[in-house]
Amino acid sequence: MNSNPKPTSTTAIDASPFAHRTGQSGRRRLVSLSALLLAALGSFVAAPSYSQDIPTSPSFVDEFKSFDRTRWYVSDGWNNGSHQNCTWAKGMVELSDSVLSLGFEKQTLKDRDYVCGEIQTKQRFGYGTYEARLKTDTGSGLNAAFFTYIGPSDKQPWDEIDFEILTKDTSKVQVNAYIAGKGKNEKLVDVPSGTENAFNDYAFVWQKDSLRWYVNGQLVNTITDPAKLPSHAQKIFFSFWGSDTMTGWLGAFADPGRKLSLQVERVAFTALGEPCQFPESLACSVK
């Protein structure tokens, strides 16, 4: 079954005028002048936490009862390079019944035949537990992603931690980490119920000496090699995009013939050592 947005009162989200030109798996991170100005002013506020060597913004839970414009940028009006067959568009970010939907749809905008959705936090976050509750559509040539990233657009080295659902095969999710722009830490892990049939919980716990990924509360991957661990505070992203050219990874793209979506029911960050923020949180049981 495909996961369509709920057909109830839907509100489109206007783009922030300061949205970054940042991207995802094409690994081409562009930046606007406004983003550089924001980065120069500092985009995170230090919060007290236990054993933190990296400054972090405060813990939060967002259940999307409304769209918090103080927390989120909306990407709008560009793409991340020749690999991407869609243009980020604010109209592809919608809120309906406490579910945020990032869309992918055939619609000509600038030099692309499709439009797609992406949001990112304004703040940066350090060690702690990152959690998102997601449901995807299906379709070859597409990537539905929950990830963290920092890089040259913020005058920082490129560090990144990924969950990427390649919707050609919704029985799996790819986890990965980039350190100083170098990846090759990817691993495909099972999502037994399928990413499109119900909402699933994706989480990672980032500490100074380890990085652990979880799917529905089950540990699926661990990195402890110091050379493979990120060390810079990062922003949280959600994106849904397609490619005509990355067929070896995403599969051959075919026009889906309808609007597709990545749905987000909840996202949370719990700083290391702080109490868990909701009963189902991985931070309640995993240290």
Side-chain angles (χ1 to χ4, degrees), residues 2-6 10-16 19-32 35 64 67 72-96 99-121 132 134-149 153 160 162-170 173-174 195-196 235-247 249-265 267:
N2 293 321
S3 58
N4 294 312
K6 296 181 180 180
T10 300
T11 303
I13 306 299
D14 290 335
S16 162
H20 292 198
R21 297 189 180 188
T22 56
Q24 229 286 71
S25 297
R27 314 307 176 189
R28 295 185 61 180
R29 314 294 182 171
L30 308 178
V31 65
S32 66
F64 295 109
F67 190 78
W72 298 106
Y73 288 120
V74 178
S75 298
D76 184 54
W78 60 83
N79 60 70
N80 294 332
S82 59
H83 67 279
Q84 185 175 321
N85 68 1
C86 57
T87 301
W88 301 128
K90 63 183 181 182
M92 291 294 99
V93 180
E94 298 178 318
L95 190 63
S96 177
V99 174
L100 186 80
S101 293
L102 304 182
F104 182 93
E105 186 174 34
K106 189 166 188 177
Q107 182 185 133
T108 300
L109 181 61
K110 297 193 173 178
D111 62 346
R112 297 292 189 269
D113 292 329
Y114 297 86
V115 289
C116 48
E118 179 185 68
I119 63 171
Q120 60 176 284
T121 58
L134 310 177
K135 184 180 180 182
T136 75
D137 237 309
T138 63
S140 185
L142 297 162
N143 186 325
F146 158 48
F147 65 104
T148 59
Y149 165 79
S153 58
E160 183 173 342
D162 297 333
F163 277 102
E164 296 176 297
I165 299 166
L166 316 181
T167 57
K168 66 180 182 181
D169 181 1
T170 54
V173 60
Q174 179 176 291
T195 69
E196 85 283 20
K235 298 176 182 178
I236 300 171
F237 287 71
F238 295 95
S239 66
F240 189 33
W241 59 278
S243 175
D244 296 321
T245 60
M246 304 178 77
T247 56
W249 183 43
L250 300 180
F253 177 81
D255 183 353
R258 62 182 180 87
K259 184 177 181 179
L260 305 179
S261 70
L262 163 64
Q263 296 178 283
V264 187
E265 197 172 63
V267 58

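You'll find the ring centres of Phe146 and Phe240 outside the 6.0 Å limit. Aromatic ring centres of Tyr114 and Phe104: separated by under 6.0 Å.
Among all heavy-atom pairs drawn from Thr108 and Lys110, the shortest one is CG2-O, 4.2 Å. Across Thr167 and Ala144, no two heavy atoms sit closer than the pair CG2-CB, 4.3 Å.
Contact annotation: the side chain of Trp72 approaches that of Val267 to within less than 4.5 Å [non-hydrogen atoms, C-beta and beyond]. Side-chain contact between Gln120 and Ser239: absent, with no pair of heavy atoms (C-beta onward) separated by less than 4.5 Å. Using a 4.5 Å heavy-atom threshold, the side chains of Val99 and Val264 count as separate. You'll find the side chain of Val115 stays beyond 4.5 Å of the side chain of Cys86, heavy atoms only.
Legend: residues meeting side-chain hydrogen bond (donor to acceptor under 3.5 Å, both in side chains) with Thr148, ordered by chain and number and at least two apart, are Gln234.
Ring planes of Phe147 and Phe237: parallel class, angle under 30° (limits at 30 and 60°).
Here the CG atom belonging to Asp76 is positioned 13.5 Å from the CD1 atom belonging to Ile119, to the nearest 0.5 angstrom. To the nearest 0.5 Å, the span separating CD on Glu160 from OH on Tyr149 amounts to 7.5 Å. Atom OG of Ser243 is separated from atom CG of Asn79 by 11.0 Å, given to the nearest 0.5 angstrom. Rounding to the nearest 0.5 Å gives a distance of 8.0 Å between CG of Leu250 and OG of Ser140. Atom CG of Asp137 sits about 5.0 Å away from atom OG of Ser261, to the nearest 0.5 Å. The distance from the OH atom of Tyr73 to the NZ atom of Lys235 is 6.0 Å, given to the nearest 0.5 Å.
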Derivation and outcome, side chain to side chain contact (heavy atoms under 4.5 Å, CB included), residues Ile165 and Asn143 | CA-CA 6 Å; Ile165 299 166; Asn143 186 325; 5.9 Å; no
Do Met92 and Trp88 pass the side chain to side chain contact (heavy atoms under 4.5 Å, CB included) test, and can you show the C-alpha distance, the side-chain angles, and the key distance before you say yes or no?
-> CA-CA 8 Å; Met92 291 294 99; Trp88 301 128; over 6 Å; no
Under the side chain to side chain contact (heavy atoms under 4.5 Å, CB included) rule, what do Ser101 and Gln263 come out as? Steps first, then yes or no, please.
-> CA-CA 4 Å; Ser101 293; Gln263 296 178 283; 3.6 Å; yes
Does the pair Leu142 and Leu260 meet the rule for a side chain to side chain contact (heavy atoms under 4.5 Å, CB included), with working shown?
-> CA-CA 10 Å; Leu142 297 162; Leu260 305 179; 3.3 Å; yes
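Under a 4.0 Å N-O distance rule, the pair Asp255/Lys106 qualifies as a salt bridge. Remark: Glu94 engages Lys259 in a salt bridge, criterion side-chain N to carboxylate O under 4.0 Å. Comment: Asp244 does not engage Arg112 in a salt bridge, judged by the lack of any side-chain N to carboxylate O separation of less than 4.0 angstrom.
Checked against His83 for a ring-ring contact (aromatic ring centres under 6.0 Å, His included), the options Trp241, Trp249, Phe253 give a single hit: Trp241. For the side chain to side chain contact (heavy atoms under 4.5 Å, CB included) criterion with Thr195, the lone passing option out of Thr136, Leu166, Leu262 is Thr136.
Looking only at atom types and distance, the side chain of Glu196 has a donor-acceptor partner in the side chain of Thr170 under 3.5 Å away.
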